[in-house]
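Data first, discussion second: the structure below is written as structure tokens.
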Amino acid sequence: MDRRSFLSLGLGLGLVEMTTTSQVQAAQIPSQPQSRVAQSGFLPNVPLVTQNGEHVNFYDDMVRNKTILLNFFLITCKEGRCPVAMANLRKVQELLGDRMGKDVFFLSITLQPELDGPKALKDYADNLGALPGWTFLTGKAGDVETLRRGLGYVDVDPERDRDLSNHIGMARYGDDRLNRWGAVSLRSSASNIASTFQWLSK
Amino acid sequence: MNNYEKLILKTMDLHREITQAKLSRRDLLKMGMLSATTGMLLPIPGLSLRSAFAKGGNNSVSSSVSSSVTPGATVGCPVPGKDIISPPTRPWIEELPRLIEKQTVKDNDPNNISHGNGGGAPGPDPIGTLGGGDCKIHILHDHPELATATPYANLGHQGWGRGGQLGDFAPKKFYETRVKQFNHVWHRDLPAGTAGQAAWGFDSVVPGPMFRTRYGESHFNRIHNDLPEGNLGFGINQMTTHMHNLHTPSESDGNPLYPNYSGYYYDHHYPNVYAGVKQYGGIGNPDEALGTLWYHDHKLDFTSQNVYAGLAGMNSIYDAWDAYTGDGRYNSASNNYGKDMGDFGDETKGWRLPCGDNYEFDVGLVFHDRQFDPNGVDFFPLTCFDGAIGDKSTVNGKIQPFMPVKQRKYRFRMLNMGPSRTYQWFLNNGAPFIVISNDGNLLPAPVVTKNFKQAVAERFDIILDFSQYKPGTEIILVNRAEQVNGRGPTGKLLSPGFDTLKFIVTSDAFGTDESRIPAKLRPLPDLNQPIARSRQWKFERAGGEWVVNGQPFNRDVVSAEIPEGTAEHWTIINGGGSWLHPVHIHYEEHRYLSVNKAPPAPTEVGRKDVIRLDPNMQTEIYMRFRDYKGIYPMHCHNVVHEDHAMMVMWKIV
């Protein structure tokens with residue numbers, strides 16, 4: 001069956017009713033298609049706010065066509081794994097040199113959006129010495145939760161899942177253009193994390 | 001056929017017509033058949049499978065949205081059959097494909113090995129501080145003239161070109177493999193029909209070809225990475241091919257840190273010697289023989305995705321007693337085993353295991369758990385830390401295939417290719433399996449059992465005797481272990497379970513079945529070598545990642561340096577949380593000293609390379625590190641755990 005006959009047959013088969021659904025009006029062909037991974041629902045396009053108060057959509061503004069590393073963190077967690085993870089990232093941005101903010105971007109999303117507003121994130125980023133290209137994100141609790149679950153930062157044990165410090169160890173990294181997504185431990189070492197970007201887009 | 005089934009069939013027909021009419025995404029959007037935001041077919045009665053199920057009752061999905069996953073559910077880890085359902089496929093429609101028999105290059109002449117695509121180059125240096133000078137591609141990089149030299153005499157490989165006892169095993173068989181993207185048909189009922197969908201494979205098949213190699217007959221394999229830049233929505237076109245679990249130097253082991261980039265090749269050389277070359281001379285101790293191996297991609301952080309794309313195959317290695325002719329003794333005059341061994345397949349010699357001409361009765365079975373989205377497109381849970389579980393079981397690349405068998409004995413080499421499911425096998429007629437090997441290594445004696453568990457990467461060789469059945473008899477291999485996520489089986493035995501493979505007994509001629517089920521097989525080597533050191537390794541989840549001894553994988557760290565030739569006692573502990581971790585240790589196999597303080601089960605008394613570390617389990621194992629030096633990993637072979645940092649590197653020094 002060729003394309004033309006399918007189209008006419010489709011109408012003949014009673015598929016007309018479909019064209020009257022509201023989805024048709026809503027259906028718009030995006031100028032730039034989402035990556036395959038985004039289409040599959042792994043990168044929820046939730047609204048968020050940056051440390052500078054900018055309103056952004058997670059996928060469209062922060063991930064689309066970029067190479068990124070993303071993690072979840074807690075400003076209030078100042079012991080154990082938490083500071084190690086963020087201190088390693090601080091070193092990684094330096095190891096990346098002029099690639100940082102140019103072709104590699106960091107996204108750190110707070111797990112306590114009610115506590116950590118843009119101002120708190122800004123202070124935290126400044127104290128940490130975050131370079132341009134490293135964005136700190138907050139938002140509505142429900143949106144952050146959708147993002148956390150979508151990105152798989154979930155423990156099947158509900159009790160462990162409630163302990164937010166169980167979600168800060170691993171960073172996801174990806175090249176949206178090439179649909180390449182992996183994970184690296186933020187506790188390993190700065191050089192281990194940075195080496196990822198030597199080969200990811202090769 | 002009830003209305004529900006009719007609806008499903010109509011949906012499948014429509015999917016097929018869309019595919020055959022080559023309608024583009026744009027066409028579908030125009031017709032209102034596709035959601036602009038999710039790219040999925042819209043939930044219109046009779047069109048979307050999801051809505052078909054939603055109407056259907058039994059397997060109904062609560063949501064009517066068109067996404068492949070249910071919003072609000074744990075999107076990262078959708079539960080097969082609940083959050084995501086593959087399109088229906090009829091069982092026993094596809095015939096089980098035999099694994100393709102790998103052939104040497106033309107005339108087995110190394111001059112016929114190509115140099116890549118239009119003079120392609122060997123791979124660049126491995127990245128990272130552990131690459132070291134023992135990697136073969138490193139040497140090729142320093143000496144590019146060797147890349148085009150034949151027969152590659154001067155490569156600095158521990159098993160070849162260095163002379164002496166260990167370095168004098170020049171290849172006798174030459175292979176060449178191309179890794180490519182191609183179209184594969186998992187089942188003709190899927191919307192893609194017989195056109196299939198993209199997959200990655202060694203020699204453009206999935207699973208890859210079956211290598212049949214022999215002890216004493218070293219072989220060479222040049223693997224060209226011809227994968228495209230774009231992937232399947234998962235995966236990366238960088239690879240490293242692990243030969244699981246050959247006694248091979250680190251440079252040909254397929255270490256996760258030695259990537260081979262697209263457009264390059266990587267040369268692997270396998271000495272095909274037994275462990276204990278230094279101790280026993282010749283090609284080592286025959287009691288250390290391996291049998292059923294497999295090879296698969298091992299790219300750092302991407303192993304689960306790349307293997308899921310199709311990058312795995314099998315390799316059977318034979319010696320004199322294992323379905324071979326000749327007495328198999330080492331001939332010191334000719335410095336050769338192979339010469340005395342004759343041809344494969346003579347069932348009147350050696351242990352007389354089933355083999356037959358052209359290995360007709362020595363059959364590889366690769367079990368690969370898969371999930372498709374409602375549109376029938378390959379689905380991999382990219383953001384799930386726990387594991388990847390599917391609702392379709394495939395054997396040798398086909399969903400629920402059938403296999404015609406003759407009225408005689410067969411040897412089946414069963415491999416669990418993963419990614420995360422553990423099977424518990426039964427035959428539907430209650431007949432027992434005759435297990436002759438575990439992890440590819442023959443047991444001291446066959447074990448008769450009505451069921452057995454098989455974790456990811458484990459291999460079981462079994463003998464089934466169909467001579468007792470009349471032509472037309474159908475026997476189904478069933479997995480009865482319930483498993484709903486990456487954690488491991490729930491412990492519940494399903495009844496009736498998942499039908500996986502159907503044997504159909506035929507009256508076809510086969511000559512005479514000369515094979516036997518011997519009372520005794522390969523003896524186990526003694527464990528007399530004193531233990532030089534004990535180590536403990538604990539596998540668990542901590543801080544949202546998978547760790548060994550509390551530490552996530554770090555390419556800059558070697559967790560143990562072990563002097564060559566020593567023996568050690570390792571304690572492998574499951575850190576809890578009801579997770580199952582199939583722990584794989586590269587290089588030499590281990591022996592169980594105890595499993596949960598008890599002796600190992602009869603099927604587990606042999607040499608193994610995967611520990612099925614059940615929840616709360618503790619095992620004590622005996623390890624030896626003989627012959628070659630270099631770095632090797634130990635990792636969880638729930639490959640999703642491996643890719644989320646459950647791995648350590650250790651080094652033989």
Side-chain angles (χ1 to χ4, degrees), chain A residues 1-3 5-7 9-10 15 17-21 23-24 26-30 33-34 36-37 39-42 44 72 80-81 146 149-157 160 165-170 172 178-185 187-189 191-192 195-196 198-200 202, chain B residues 17-18 20-23 25-27 29 31-36 38-39 42 44 47 67-69 71 74-77 127-129 229-231 233-236 238 259 261 301-302 373 379 381-386 485 487 541-545 551-557 577 643-645:
Chain A
M1 189 189 308
D2 66 14
R3 188 166 165 271
S5 63
F6 181 90
L7 288 168
L9 183 65
L15 299 180
E17 63 169 346
M18 296 186 299
T19 62
T20 64
T21 60
Q23 282 94 340
V24 176
Q28 285 178 3
I29 298 157
Q34 294 185 329
R36 191 163 164 183
V37 170
Q39 281 176 36
S40 300
F42 292 116
F72 287 89
R81 295 187 284 260
T146 298
R149 292 189 169 273
L151 294 171
Y153 287 78
V154 180
D155 197 304
V156 290
D157 177 344
R160 288 172 64 105
S165 73
N166 276 330
H167 306 305
I168 52 94
M170 185 71 72
R172 294 209 180 277
L178 296 175
N179 288 305
R180 293 177 183 172
W181 287 91
V184 64
S185 170
R187 285 198 294 133
S188 55
S189 70
S191 67
N192 181 62
S195 69
T196 302
Q198 288 180 289
W199 50 261
L200 177 62
K202 257 180 127 85
Chain B
E17 284 166 21
I18 289 170
Q20 285 162 4
K22 296 194 168 57
L23 288 180
R25 190 163 177 276
R26 195 181 189 91
D27 295 329
L29 281 166
M31 297 168 68
M33 293 165 71
L34 195 69
S35 156
T38 64
L42 285 172
I44 294 154
L47 179 62
S67 163
S68 66
V69 286
T74 51
V75 179
C77 295
I127 293 165
T129 55
E229 183 182 62
N231 61 14
F234 51 85
I236 192 167
Q238 301 168 16
Y261 295 96
D301 298 353
F302 283 84
D373 76 11
F379 176 87
L382 257 189
T383 57
C384 180
F385 283 104
D386 299 348
N485 56 33
R487 195 167 221 168
R541 182 162 172 149
E545 53 198 349
Q551 294 302 312
F553 179 70
N554 182 342
R555 67 186 306 146
D556 296 333
V557 172
D643 286 340
H644 292 80

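In what follows, chains carry the letters A, B, and so on, assigned in the order in which the sequence lines appear, proteins first and then strands, with residues in each chain numbered from 1.
- Here the shortest heavy-atom pairing between A:Phe42 and B:Thr383 reads CD2-OG1, 3.3 Å.
- Nearest heavy atoms, A:Arg187 versus B:Ala542: NH2-O, 4.4 Å.
- Between chain A and the options B:Glu545, B:Gln551, B:Glu229, the largest number of non-hydrogen pairs under 4.5 Å is found for B:Glu545.
- Within the cation-pi definition used here (under 6.0 Å to the ring centroid, within 45° of the axis), A:Arg36 does not qualify as a partner of B:Phe234.
- Nearest approach of A:Ala183 to B:His644, heavy atoms of both residues: CB-CD2, 3.5 Å.
- Only the side chain of A:Arg81 comes within contact range of chain B, judged by heavy atoms closer than 4.5 Å.
- Expressed to the nearest 0.5 Å, how far CG of B:Asp301 lies from CZ of A:Arg180 amounts to 13.0 Å.
- Here the shortest heavy-atom pairing between B:Ala645 and A:Met170 reads CB-CE, 4.1 Å.
- The choice from B:Gly544, B:Gly577, B:Gly230, B:Gly543 that makes the most heavy-atom pairs within less than 4.5 Å of chain A is B:Gly543.
- In terms of heavy atoms, A:Asp155 sits closest to B:Arg541 at OD2-NE, 3.4 Å.
- Looking at B:Asp386, the atoms closer than 4.5 Å to chain A (heavy atoms on both sides) all sit in the side chain, from C-beta outward.
- For B:Arg487, the part lying near chain A is the side chain, with the backbone staying farther off; criterion is any non-hydrogen pair under 4.5 Å.
- Most heavy-atom pairs under 4.5 Å with chain B: of the set A:Gly169, A:Ser165, A:Pro44, this distinction falls to A:Gly169.
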Q. B:Phe302 and A:Leu200: side-chain contact (heavy atoms from CB on, under 4.5 Å), yes or no, with the steps?
A. CA-CA 11 Å; B:Phe302 283 84; A:Leu200 177 62; 4.3 Å; yes
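- A donor-acceptor pair under 3.5 Å links the side-chain atoms of B:Asn554 to the main chain of A:Ser188, judged by distance alone.
- Most heavy-atom pairs under 4.5 Å with chain B, from the set A:Val156, A:Asp157, A:Val184, A:Ile168: that is A:Val156.
- Contact of B:Gln238 with chain A is made through the side chain alone, with heavy-atom distances under 4.5 Å.
- We find the CG-CD1 distance between A:Asn179 and B:Ile236 to be 11.5 Å, quoted to the nearest 0.5 Å.
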